[in-house]
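Worksheet: one structure, shown below.
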Amino acid sequence: MNEYELLAELLLPDIKQTPDYYENMYPERNLPEGAKVTRVAPSPTGYLHLGTLFTSLVNRITATTSNGIFFTRIEDTDKKREVEGGIEDIIDGLNRFGITIDEGFINGTNESGDYGPYQQSKRAEIYQTYVKDLIKKGLAYPCFCTAEELEAVREIQEANKIRTGYHGEYAKHRNITYAEAKELIDKGLPFVIRLKSQGNEENKAVFEDMIKGKIEMPQNDEDFVLLKSDGIPTYHFAHAIDDHLMHTTHVMRGDEWISSTPKHIELFKLLGFKQPKYAHVSPIMKLDNGAKRKISKRKDPEAAVHFFIEEGYEAVSVIEYLMTIAASDFEDWRRANPDTDYKEFKFNLKKMSVSGALFDQNKLNDISKIKVSKLNSAEVYEKITEWAKEFDNEFYNILTKNPDYSKSVFAIDRDNASKPRKDIAKWNEVKEYYSYMFKETYESCFELPENICKKDAFDFLSEYAKVYDENDDRQAWFDKIKEIAPKLNFASDTKEYKANPENFKGSAGDLSTLLRIAITGRKNTPDLCSIMQVLGKDESLDRINNAIKFCEE
RNA sequence: GGCCCGGUGGUCAAGUGGCCUAAGACACCGCCCUUUCACGGCGGUAACACGAGUUCGAAUCUCGUCCGGGUCACCA
């Protein structure tokens, strides 16, 4: 055994396999020409983040449009930051948003596929096997520096305005001998394994990013950590090993990784792996006091995808919005194919924005309103009760007390409507929006519109109460208002009124607004005639009479 | 600070040297339609960060300046 082999045995005595063993265990995938293998590799350090959902979507749709594979892998190499239930939260969240997973963790507790395990904490032996091989080749070595020592070096470098980091002459243990290492290990000192970088800062590392184009950076020359002192790899090393063994063809990740890509390039080269293609996606930003910044887990509630579910957005609406950010040609496609599943869209990485988009809730709302407007009353009822059951128990009870009544409320201006309203973006608005339709939430609050005096209101409402018939259709319903109008010197015809407004106190439209306020307390509501029908004769008359009383005073 | 990446209306964006008097969408405003509320239709306000260069011609190519973002861990 030579010096390096001795060192390898000393450091990793329990590792008996060689890389060949794993190379054979995970052969090339048998996929059609051009199929892309993509993945998302979240670390279970918290809930599902909007950015993670976004990158997952991009990965998913890239795999889909090439008839490839999209898999998940859990990067749980940092046990300090891990949170309980993190895997479930993220994977189930992905499922909830309709991101289908072909392989890896398909739900919070189960994995499937031939390239596992798909959890890095279960792959320690694999990583160590490759590290041992690197040590034997003189391409990796143990480092015994403590955090304090490293910090001290960094301070010296900063003071002397030298590039910080563990490289070149500052790489203390770079040339450690077997004997030296043995002595320190016998003393029981902990160590990490570092890469003996072959890079040179003067040279360029070049790669073609599929979104940003050609990127040139100084080569990596840092002896970065491969294996932490607990024997678990760092992200960089795990990325190289896993994506090679799992045969990922396209690594699509947040663009905060661009700056460490030279490390990855060197790793793939030294390991003799084929380089995957990289696509770095820009983060979703937010405006904060006039400044654009990345959406932050700590400061922004909408960073957690759960926020959208709680608000009552339909998952498809959020995905649809994310698609408009992901692909600049998506909205055109959507216009041409209004009812097609977004998964049919031919996604092209070249159409992705190079810079980060500001999160735009207006746009989300608009998209969501369109989606909701296409639902029928039964679907609305089903979705809203599902939402309320989880997030608004009071409303859930109100809705389910009389399902048929609730559905008839949602049917207004919706079922059989040639022009559906676009008024609901998210379920948490509905209780307030329809508050006048349910006894439990209705509060009588009549108020005169500015252009009608008390006496006219009184006269109109009194007259109307006499002729009101709950069986009238829309035509008959409005005709009655038009009949009363002239008696109060209100125009029954809108055109007539507009031609000579000075001849009238107002129009039939103004009187229906008055009636609307009497019934609902609002100036804007869905079709009033339908509302009164759903409310029923007694309730409608009650409310009218209340308003009349108000006008008497 | 070093190294990367970016900068077209309030927002998302089209744009690849002449089709640019700069598209479209959201938001906002106005008008029209209308049997109320909506929906819809039509229209409007509003942008190439700045400065040099290359060119007959620049939003587009080059350089500089400014501004924004990312990254410099035994975190991912």
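We name chains A, B, ... by the order of the sequence lines, and we start the count at 1 in each one.
For the P atoms, the distance linking B/rU71 with B/rC63 amounts to 26 Å, nearest Å. Look at the P atom in both B/rU62 and B/rC5: the space between them is 12 Å, to the nearest Å. Look at the P atom in both B/rG18 and B/rC42: the space between them is 30 Å, to the nearest Å. The same atom, C1', is picked in B/rA27 and in B/rU11; the two are 8 Å apart, to the nearest Å. Separation of the P atoms belonging to B/rA46 and B/rG53 is 30 Å when rounded to the nearest angstrom. Rounded to a whole angstrom, the distance from the C1' atom of B/rG69 to that of B/rC74 is 28 Å. Comparing the C1' positions of B/rC33 and B/rC26 gives an interatomic distance of 23 Å, to the nearest angstrom. For the P atom pair drawn from B/rC19 and B/rC32, the interatomic distance equals 37 Å after rounding to whole Å.
Annotation: A/F224 is not in aromatic contact with A/Y166 [ring centroid separation under 6.0 Å not met]. Between A/F410 and A/Y434, the distance separating the two ring centers is shorter than 6.0 angstrom. A ring-centre distance under 6.0 Å is not found for A/H173 and A/Y141. Not less than 6.0 angstrom separates the ring centroid of A/F490 from the ring centroid of A/F504. Proximity of the aromatic rings of A/H244 and A/F268 is defined here by a centroid distance below 6.0 angstrom, and this criterion is not met. A ring-centre distance under 6.0 Å is not found for A/Y278 and A/W257.
Counting only N and O atoms by type, the side chains of A/E266 and A/N220 include a donor and acceptor under 3.5 Å apart. A side-chain N or O of A/D242 and one of A/Y127 form a donor-acceptor pair less than 3.5 Å apart. Side-chain N/O atoms of A/S56 and A/R39 include no donor and acceptor closer than 3.5 Å. Between the side chains of A/S282 and A/K212, at least one donor N or O sits under 3.5 Å from an acceptor N or O. With no hydrogens or angles considered, a side-chain donor-acceptor pair links A/R516 and A/T525 at under 3.5 Å.
The side chain of A/T324 contributes no N or O atom lying less than 4.0 Å from OP1 or OP2 of B/rC12. At B/rA13, one or more side-chain N or O atoms of A/S353 fall inside 4.0 Å of OP1 or OP2 (strictly under the cut-off). The phosphate of B/rC26 (OP1 or OP2) has no side-chain N or O of A/N365 nearer than 4.0 angstrom.
Regarding A/E202, its CD atom lies at a distance of 17 Å from the P atom of B/rG2, rounded to whole Å. We find that OH of A/Y321 is positioned 8 Å from P of B/rC12, with the value rounded to whole Å. Spacing between atom CD1 of A/I295 and atom P of B/rC12 amounts to 12 Å, rounded to whole angstrom units. For A/D221 and B/rC3, the CG to C1' distance is 12 Å, given to the nearest whole Å. Counting to the nearest Å, the P atom of B/rU34 and the CG atom of A/D510 are 17 Å from each other. When rounded to the nearest whole Å, the span between CG of A/D423 and P of B/rG40 equals 11 Å. Atom pair A/R335:CZ and B/rA13:C1' shows a separation of 12 Å (rounding to whole Å applied). A/K422 has its NZ atom 9 Å from the C1' atom of B/rG40, to the nearest Å.
Within 6.0 Å of CD on A/Q361 lie more than 12 heavy atoms contributed by other residues, nucleotides or ligands. At most 12 heavy atoms of other shown residues, nucleotides or ligands fall within 6.0 angstrom of atom CD in A/E447.
Place A/R474 and A/D329 on RNA chain B by their nearest nucleotides, and A/D329 ends up nearer the 5' end. With the nearest nucleotide of RNA chain B identified for both A/I258 and A/K369, A/I258 has the one nearer the 5' end.
Residue A/L528 is in base contact, counting any heavy-atom pair closer than 4.0 Å across all strands shown. Residue contacts shown for A/D366 are limited to sugar-phosphate atoms, with no base heavy atom under 4.0 Å away. Across all strands, A/T261 comes closer than 4.0 Å to no nucleic acid atom at all (heavy-atom distances). Among the protein residues, A/P218 comes within range of the sugar-phosphate backbone only, with heavy atoms under 4.0 Å from sugar or phosphate atoms but none that close to a base. Across all strands, A/T525 comes closer than 4.0 Å to base atoms (heavy-atom distances). Across all strands, A/R516 comes closer than 4.0 Å to base atoms (heavy-atom distances). The residue A/E216 sits close only to the backbone: its heavy atoms come under 4.0 Å of sugar-phosphate atoms, none of a base. Nucleic acid contact class of A/K351 (heavy atoms, under 4.0 Å, all strands): sugar-phosphate only. Among the heavy atoms of the strands, none lies under 4.0 Å from A/P283. Using a 4.0 Å heavy-atom distance criterion, A/K482 is classed as making no nucleic acid contact.
Listed nucleotides B/rA38, B/rC4, B/rG6 differ in distance to A/N524; the shortest reach to its side chain belongs to B/rA38. Residue A/D413 has its side chain nearest to B/rC37 when only B/rG69, B/rC4, B/rC37 are considered. Set against B/rC12, B/rU36, B/rC4, the side chain of A/A357 has B/rC12 as its closest nucleotide.
Taking only distance into account, the side chain of A/R522 never meets the base of B/rC37 through a donor-acceptor pair shorter than 3.5 Å. Taking 3.5 Å as the limit, the base of B/rU11 and the side chain of A/N362 contain no donor-acceptor pair of atoms between them.
Pairing analysis of RNA chain B (Watson-Crick: purine N1 to pyrimidine N3 plus N6-O4 or O6-N4; G-U wobble: N1-O2 and O6-N3; both under 3.5 Å) yields stems of 3 or more pairs at B:1-7 with B:66-72, B:10-12 with B:24-26, B:28-32 with B:40-44, B:49-53 with B:61-65.
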Which parts of nucleotides 71-76 of chain B does protein reach within less than 4.0 Å, heavy atoms only, written one letter per nucleotide 5' to 3' as B for base, S for sugar-phosphate only and - for none?
SS-BBB
